[in-house]
Asks: 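Here you go, one structure.
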Amino acid sequence: MSDRTDTAERGRIVVAIASALGEVLGHEVTSMTEDSKLFDELGLDSSSAFELLMRLEESLDVEFDTDTLEMGHFASVGTLADFITAENAD
């Protein structure tokens, strides 16, 4: 993939995360940036993190290997986008 394609794909993933977060949390997440912390700032908890992953699998047509998931992947919107981008590349 070219850098431009990678950037476009990552942008699509960030938009999907924002949309899924809004659905999971029950409100639009308007002030979200890639630096937004999923748990501390946006209010995600362990059960909503699982729901977020399920929605992202559905909307992005991917399947996550739960054996490779780590809490660090959920540090921020950006770290989750990086994880999903890497999973899609495989």
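We use all heavy atoms of the structure for the numbers below, so side chains are in, but hydrogens, waters and symmetry mates are not.
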Asks: Determine whether Asp82 and Arg10 make a side-chain contact, defined as any pair of heavy atoms from C-beta on separated by less than 4.5 Å.
Replies: yes
Asks: Before you tell me yes or no, could you show the steps for Arg12 and Leu60 under side-chain contact (heavy atoms from CB on, under 4.5 Å), namely the whole-Å CA-CA distance, both residues' side-chain angles and the distance that decides it to 0.1 Å?
Replies: CA-CA 9 Å; Arg12 184 178 79 88; Leu60 296 170; 3.4 Å; yes
Asks: Rounded to the nearest 0.5 Å, what separates atom OG1 in Thr30 from atom CE in Met32?
Replies: 10.0 Å
Asks: Any non-hydrogen side-chain atom of His73 less than 4.5 Å from a side-chain atom of Glu87?
Replies: no
Asks: To the nearest 0.5 angstrom, please state how far the CD atom of Glu51 sits from the CG atom of Leu25.
Replies: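 The CD atom of Glu51 sits 9.0 Å away from the CG atom of Leu25.
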Asks: Test Ser48 against Asp45 for side-chain hydrogen bond (donor to acceptor under 3.5 Å, both in side chains), laying out the working first.
Replies: CA-CA 5 Å; Ser48 56; Asp45 61 27; 2.9 Å; yes
Asks: Has the side chain of Thr85 got a donor or acceptor atom that lies under 3.5 Å from a matching backbone atom of Ala81?
Replies: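 Between the backbone of Ala81 and the side chain of Thr85 there is a qualifying donor-acceptor contact (under 3.5 Å).
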Asks: Checking side-chain contact (heavy atoms from CB on, under 4.5 Å) against Val24, which of Leu52, Leu53, Val29, Leu42 comes through?
Replies: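 Output: one option passes, namely Leu52.
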Asks: If we only count heavy atoms from C-beta on, is the Ser36 to Val77 side-chain gap below 4.5 Å?
Replies: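 Ser36 reaches Val77 side chain to side chain.
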Asks: Under 4.5 Å between any side-chain heavy atoms of Leu21 and Leu38, yes or no?
Replies: yes
Asks: Of all heavy-atom pairs between Phe39 and Ser46, which one has the smallest distance, and what is that distance?
Replies: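 In this case the closest contact between Phe39 and Ser46 is CE2-N, 3.9 Å.
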Asks: Crowded around Glu23 CD? As in, over 12 foreign heavy atoms under 6.0 Å?
Replies: yes
Asks: Given the rule that I, L, V, M, F, W and Y join up when any side-chain heavy atoms are under 4.5 Å apart, are Met54 and Met71 in one cluster?
Replies: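 No, because Met54 and Met71 fall into different hydrophobic clusters, even though each may have its own neighbours under 4.5 Å.
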Asks: Are any of the side-chain nitrogens in Arg55 or Glu58 under 4.0 Å away from the carboxylate oxygens of its partner?
Replies: no
Asks: Only one of Ile13, Asp61, Val62, Leu80 forms a side-chain contact (heavy atoms from CB on, under 4.5 Å) with Leu56, so which one is it?
Replies: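 The side-chain contact (heavy atoms from CB on, under 4.5 Å) with Leu56 is passed solely by Leu80 among Ile13, Asp61, Val62, Leu80.
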Asks: Does the side chain of Phe83 come within less than 4.5 Å of Phe64's, by heavy atoms?
Replies: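 With C-beta onward as the side chain, the pair touches.
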